[in-house]
Amino acid sequence: MFIYCVLCCFLIHFTKHHFQFYQLLSPQKISMEHNGVWHSQGLKRKTPEDENHELLNNFSLNDLNEDLFEMILSWLPTSTFFRLTSVCKRWKSVPSSSSFKLACSQILSREPWFLMVAPNLNQSIIFDSAESTWKRLSHPPLLQQESNQNCMPVAASGGLICYRKLSGDFIVSNPVTGSCSELPPLHFATQNQPLNAIVMSKVSKDQLSYKIVLVFGEIPNLLFQVYNSISGCWENEAAMKRKVNDNSEVHDSTDDNVVYFLSKVGTVVANNIQRSPSKQYSSVITTTKSNEEVVYFLSSSGKVVACNLTHKCFVEYPRLLPIFSEYSIDIVECNGEMLVVLLSEFLESASLRVWKYDEANRGWHQIDAMPAAMSHEWYGKKADINCIGSGNQILICLNSLELCTYVMCDLVTKKWVELPNCCINGKVIDFMSAFSFEPRLEASV
């Protein structure tokens, strides 16, 4: 028990200070300080505390049984773990161990990585939020095949990324391990329906199962279909009806005037032409306190549509801005809640704000805003935004003909931090959007 407690203490230290971890690999003596004077271990009387330190300093990780050894390694940040697999053959073999993957699955959460989407899709570049650095991963072999080279990432959850092929079929991949699985094709009748939303969620906390939800159709005739990795097949599609209450709009939103978005090339485009191809199905899924699943997406008329999968109904939220306003908008999920990020121009200045919908009062209220000094830079730039949420953070990709910037917003500290440029071979890489996932070796496809 003593050794276990000591190892747990050291675990905290070497996950934060890697150089301290390497000191555990050699039985070097550490001098002790007593009454302000440094002494050698061999020049003073040993106390019980000294004996404990000597035991620890002479202890080798090779003396640990395999389960405890793997449990300790499972707590390491993923980037740190991969660096340390070069220590010896024993450490290098750990990732293939089923007991190690089980230990990893017990870690409730990991600092997110953000898969960045660039015009060239045949590469995997991520931003490691734990180390605030860019990394380049090996592109999954299945996605390197000629028939799959134009696969577009469309959703993510846990440690997995979902890609959509030009044919409309899907591939699920673990970006860390490179493992891939191609899902069975959709029903032909469903493929002919307009696709509004693609979301992905974990079925269990052990990272061994997931599901993908698709929302099809034109309002008010919406339906959804679910793929469950446990059964390995698509379930039958289910229709949704419009939820009507005292304050709901009952007219058909397809009769609305169109909303104008700002395109990638700086021109104004209408209706359902999205700014970034990877975000044309911009959508999120949340679970309510009563365990009801809700999928949110942006309709072609610019409204947020909430689809309750449990009750098979949907409702349209009111607009944030007037119909003829020019703005760029995206939706994100943070801590189980749907939020809207909106970039607009007003009184000769640009404003980027985060909004939350109040179900009780049936209205939007602002929860955060980019500092005016930062947002004003985007005035007149005809910029569009593509955002992704993770925990308390929102990564915002701002793109225009003149600028490409990536900003991390922390909803708790209210800090807005611009990320450093990503350079490969001396060239700055521009990204269109991003997807958030946890770097999990145990995530199964």
Side-chain angles (χ1 to χ4, degrees), residues 109 111-117 126-127 129 153-158 160-162 196-202 213 215 261-262 274-288 293-299 302-307 317 319-321 327-344 351-359 364-370 374-375 378 383-399 405-419 431-438:
S109 64
E111 290 294 322
W113 285 6
F114 295 90
L115 176 69
M116 310 302 295
V117 182
I126 62 100
F127 180 77
S129 64
V154 290
S157 180
L160 303 176
I161 301 285
C162 178
N196 300 304
I198 305 174
V199 295
M200 189 176 187
S201 65
K202 294 182 294 184
V213 181
V215 179
F261 296 94
L262 303 178
Q274 269 284 13
R275 296 85 64 206
S276 169
S278 66
K279 300 292 283 187
Q280 61 181 306
Y281 310 113
S282 185
S283 47
V284 298
I285 185 170
T286 65
T287 302
T288 65
E293 291 185 313
V294 183
V295 172
Y296 301 87
F297 69 91
L298 290 170
S299 72
K303 292 181 180 179
V304 175
V305 181
C307 303
Y317 290 166
R319 290 188 180 87
L320 275 157
L321 291 181
Y327 58 89
S328 184
I329 186 173
D330 207 354
I331 58 177
V332 299
E333 180 271 328
C334 289
N335 289 326
E337 294 184 318
M338 184 276 299
L339 304 176
V340 166
V341 184
L342 189 142
L343 174 66
S344 61
S351 172
L352 196 154
R353 301 173 186 271
V354 182
W355 300 82
K356 178 182 176 181
Y357 187 73
D358 188 339
E359 294 281 358
W364 296 96
H365 70 270
Q366 178 184 312
I367 62 173
D368 205 355
M370 177 183 282
M374 293 181 67
S375 62
W378 294 94
D384 70 68
I385 59 172
N386 292 288
C387 313
I388 191 69
S390 178
N392 296 318
Q393 298 178 315
I394 302 177
L395 175 61
I396 305 168
C397 300
L398 297 104
N399 296 272
T405 300
Y406 321 103
V407 177
M408 192 74 74
C409 165
D410 191 307
L411 299 175
V412 175
T413 63
K414 305 298 182 183
K415 292 183 179 180
W416 296 69
V417 179
E418 185 175 332
L419 304 188
F431 303 107
M432 299 181 294
S433 57
F435 290 88
S436 172
F437 69 98
E438 294 183 41

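Just so you know, these numbers use all the heavy atoms, side chains as well, and skip hydrogens, waters and symmetry mates. Worth saying up front: this structure is predicted, and the values here are computed from it rather than measured. Sequential numbering from 1 along the given sequence is applied to the chain's residues.
The minimum heavy-atom distance linking D410 with D368 is given by the pair O-OD2, 4.1 Å. F431 approaches M116 most closely through the heavy-atom pair CD2-CB, 3.3 Å. The shortest non-hydrogen separation linking S436 to G389 is CB-O, 4.0 Å. Between Y327 and S344 the shortest heavy-atom distance is CB-CB, 4.1 Å. Between M338 and V284, the shortest heavy-atom contact is CG-CG2, 3.9 Å. Nearest approach of Y296 to A306, heavy atoms of both residues: CE2-CB, 3.5 Å.
Residues H365 and I367 meet the side-chain proximity criterion, which asks for heavy atoms closer than 4.5 Å. By the 4.5 Å heavy-atom criterion applied to side chains, L411 and L339 are counted as neighbours. In this structure, the side chains of S375 and R353 stay at 4.5 Å or more apart for every pair of heavy atoms. A heavy-atom distance below 4.5 Å is not found between the side chains of N196 and S299. Contact of the L398 side chain with the L352 side chain is registered, since non-hydrogen atoms from C-beta on lie closer than 4.5 Å. In this structure, the side chains of C307 and F297 come closer than 4.5 Å at one or more pairs of heavy atoms. A heavy-atom distance below 4.5 Å is found between the side chains of V340 and W364. Between M408 and L419 there is a side-chain heavy-atom pair separated by less than 4.5 Å.
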Practice task
Could you give me the CA-CA distance, side-chain angles and deciding distance for L395 and F127, then say whether side-chain contact (heavy atoms from CB on, under 4.5 Å) is met?
Solution key: CA-CA 10 Å; L395 175 61; F127 180 77; 5.7 Å; no
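Among I329, L343, D330, the single residue meeting the side chain to side chain contact (heavy atoms under 4.5 Å, CB included) criterion with C387 is D330.
In summary, the side chains of E337 and Y357 do not present any donor paired with an acceptor at a separation below 3.5 Å, with no hydrogens or angles considered.
The number of heavy atoms from other shown groups lying within 6.0 Å of NZ (K414) is above 12.
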